[in-house]
Trainee: 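Take this structure first; my questions come after.
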Amino acid sequence: MCTEKINEEILLLRQQNTQLLQQLEALQNLYSTMLLAEQHQIWELVTDEVPQDLQLIELQSKLVDNSALVESTNKIRGRHHQAAASALAESEAKYRQLVENISDLIFSMSVEGLFTYVSPQYKNVLGWEPSDLLGQPFAPLLHPDDFPLAQRKIQEMVETKGQRIAIEFRHQKKDGNWCWMRSVASPIFDSDGEIIGLHGAISDISSRKQAEELIKASQAELLALFNAMQDVILVLDAEGRYLKIAPSGAPLLYQPPAELLGRKIYEVLPSACADYFLNSIQQALLTKKTVKVEYSLPIGGQEVWFEANIASMSENTVVCVARDISERKQMEDQLRQQTENLAQTLQELRQTQAQMIQAEKMSSLGQLVAGVAHEINNPVNFIHGNLTYIEEYTQDLLRIIHHQQQSGNKSEFQALCEEIDLEYIQKDVPRILSSMKVGTQRIRQIVLSLRTFSRIDEAEFKAVDIHESIDSTLMVLQHRLQETTKLPAIQVIKDYGTLPLVECYGGELNQVFMNILANAIDALEEWTIENAQLRIDNLTSGLLTPTIAIRTSVIDSGWVKIAIADNGIGMSEQIQQQVFNPFFTNKPVGKGTGMGMFISYQIITETHGGKLECHSTPAAGTEFVITIPIQH
């Protein structure tokens, strides 16, 4: 029940009690007046000059009538008194029942602030027994911070003589805790109209206060959140009218909020932007989905880009959260420019890589040509040198045949045979022809090896004999393996396992063998040159011979392993980590392109799906291990 209504009901009951008491008092006064009047009349009758008998008779009659009237009056008075008492008791019972059953606390106190009445609800709500508070001051139960307000309100009520007061304060419970209460109080007047106290009702508003504190804290959090946000938050209607602008830390707003509220976007934004924005608002209202838009506005002499999310709030309103994305746009433009630059750089790198690959191929081709030229040069020179003798021998033999045909003189024939040394020619010609045959076979073998090495007729995966490919590469590099005036011969040890034919690009795989073997020869030459005296000592003792060891085997049933090792100068850990990087080389300028091992790594790993590993120890040699699948 509302506190105001309870107070009104209590006042009404008290007014009814007062009326009943007034009615009872009026009846009593009426009875006394009537009784005095009758006694006065009787006295006048007695004192009049009338016959005694007549007066006595009339007096007796009057007394009888008066007795009847008194009796009647007493009955009326008794009935009214009984009715008033019954009504008063009923009113008091109703008043007590009302006070004791409502949830609010009912109190009365004197103007001095002492409790004169306390309802039983004080026990249920605050823990105080009514007997604990009756006659006690109210002030100690108020929180010290709230007492000045209560005192001022009561003073105002006394000064205005009748103003009802309502205050909220903290009331102390019996356990010492504080409870928020709301009090509505009215003054109590005496018969002279002076205030002698006040009475009222107190409601427990602790839950409401807690809710208010939560709401206040939530509002503070939301306000802090808004202030921390760098977004512009707007509420607009279906016509694009600015309804609300939430406070936020957004540094940019097209116009101040006071100038925007109540206006339409057509009155604020450029026409094209307003059309775009209004269409997005209508789309959000129609689809009930969030619409994302990007737009730019001229602010502060520069173009500012915004990204906005528009979502419907009701049938006719939307909320728009816009964020300044100018910095992001600039970064996107920079990134786009960088991407274009990188694409151009990548294109240039690809062209450079292609040129480097071509240069590496030409380098390999140069080694190939040099090797072939060196290998073919010896048998060709041999054949060429022997052709002179064959020509002389042939001319001499033709002279003998011709002379024999012309003269038939044996003595002259004998002299001619002695002159041309026919006996030597007969012995030397088979030898020359045999050596020339060896030379031509050597040339044929070189050509076959060259064809095997180049694999010019194989553009797809083909089944290749790995050992044949290695041997053809060694044939091309044979001139570098031979002894020279400065360097000893390089020993090649072949430890070939039983290998099946391997599906691969034979020409590309030969290029890998060429790069690894050429690097091994370079390492051995460098080691031999740098350690000439050590080489002589070790050669004398038989401890050091430049060696390349080639081992092949099948592993895991489906893979082939080719290991090529040398006992040359070796590599440090730092160089090993870079050996497959493009453009890296530790060779003198002009001798290496830095692409050989990079290309080899790509051929093995990317083209053939295998692995290429490097293991090396400084001054102890290097080993490259190739692992490729047998089938693809």
Side-chain angles (χ1 to χ4, degrees), residues 1-18 88-158 160-190 195-214:
M1 181 180 294
C2 182
T3 303
E4 287 80 359
K5 292 183 178 180
I6 294 173
N7 289 335
E8 291 175 0
E9 184 70 18
I10 291 171
L11 291 175
L12 180 61
L13 290 174
R14 287 181 173 175
Q15 290 173 359
Q16 292 175 357
N17 290 342
T18 302
L88 180 61
E90 182 180 356
S91 177
E92 288 179 349
K94 184 178 180 182
Y95 174 78
R96 181 174 289 104
Q97 183 179 11
L98 182 64
V99 169
E100 292 179 355
N101 288 298
I102 61 174
S103 59
D104 289 349
L105 314 181
I106 307 301
F107 71 93
S108 296
M109 67 174 60
S110 64
V111 290
E112 291 80 14
L114 303 178
F115 282 109
T116 58
Y117 174 76
V118 175
S119 67
Q121 289 295 342
Y122 265 81
K123 169 67 176 177
N124 299 330
V125 177
L126 299 174
W128 297 101
E129 294 285 352
S131 58
D132 296 336
L133 302 178
L134 287 176
Q136 299 299 318
F138 178 62
L141 299 180
L142 265 70
H143 194 281
D145 295 341
D146 302 330
F147 179 74
L149 174 62
Q151 189 177 34
R152 187 173 65 253
K153 288 287 187 179
I154 294 174
Q155 185 65 31
E156 291 175 358
M157 183 183 69
V158 173
T160 58
K161 292 187 177 181
Q163 179 181 349
R164 188 170 63 172
I165 60 173
I167 59 173
E168 292 181 358
F169 59 93
R170 281 160 287 187
H171 197 301
Q172 190 176 37
K173 302 172 73 171
K174 191 169 184 178
D175 59 10
N177 295 320
W178 295 96
C179 180
W180 273 99
M181 311 295 285
R182 183 177 186 273
S183 174
V184 178
S186 300
I188 301 175
F189 300 96
D190 61 8
I195 296 178
I196 60 174
L198 69 153
H199 57 185
I202 299 177
S203 304
D204 184 358
I205 59 171
S206 298
S207 299
R208 195 198 79 191
K209 279 291 184 178
Q210 290 176 0
E212 288 177 354
E213 291 297 325
L214 291 175

Trainee: Quick one: CE on Met181 to OG on Ser203, what's the gap to the nearest 0.5 Å?
Mentor: 7.0 Å
Trainee: Between Ile106 and Tyr122, is any pair of side-chain heavy atoms under 4.5 Å apart?
Mentor: no
Trainee: When rounded to the nearest 0.5 angstrom, what distance separates NE2 in His143 from CD in Gln172?
Mentor: 9.0 Å
Trainee: So do Leu198 and Met157 actually touch side chain to side chain, heavy atoms under 4.5 Å?
Mentor: yes
Trainee: Ring centroid separation for Phe107 and Tyr117, is it under 6.0 angstrom?
Mentor: no
Trainee: Between Glu212 and Arg208 (salt bridge meaning N to carboxylate O under 4.0 Å), is one present in this structure?
Mentor: yes
Trainee: Would you say NZ of Lys153 has more than 12 non-hydrogen atoms from neighbouring residues, nucleotides or ligands within 6.0 angstrom?
Mentor: no
Trainee: Distance from Leu126 atom CG to Lys174 atom NZ, nearest 0.5 Å?
Mentor: 11.5 Å
Trainee: Are the side chain of Ser186 and the backbone N or O of Arg164 linked by a donor-acceptor pair below 3.5 Å?
Mentor: no
Trainee: If we ignore hydrogens and angles and just use 3.5 Å, is the side chain of Asp132 paired with the main-chain N or O of Glu129 as donor and acceptor?
Mentor: yes
Trainee: Side-chain contact test, heavy atoms from C-beta onward, threshold under 4.5 Å: evaluate it for Val118 versus Leu134 and give yes or no.
Mentor: yes
Trainee: Determine whether Lys173 and Trp178 make a side-chain contact, defined as any pair of heavy atoms from C-beta on separated by less than 4.5 Å.
Mentor: no
Trainee: Check whether any side-chain heavy atom of Leu114 sits under 4.5 Å from a side-chain heavy atom of Met109, and report yes or no.
Mentor: no
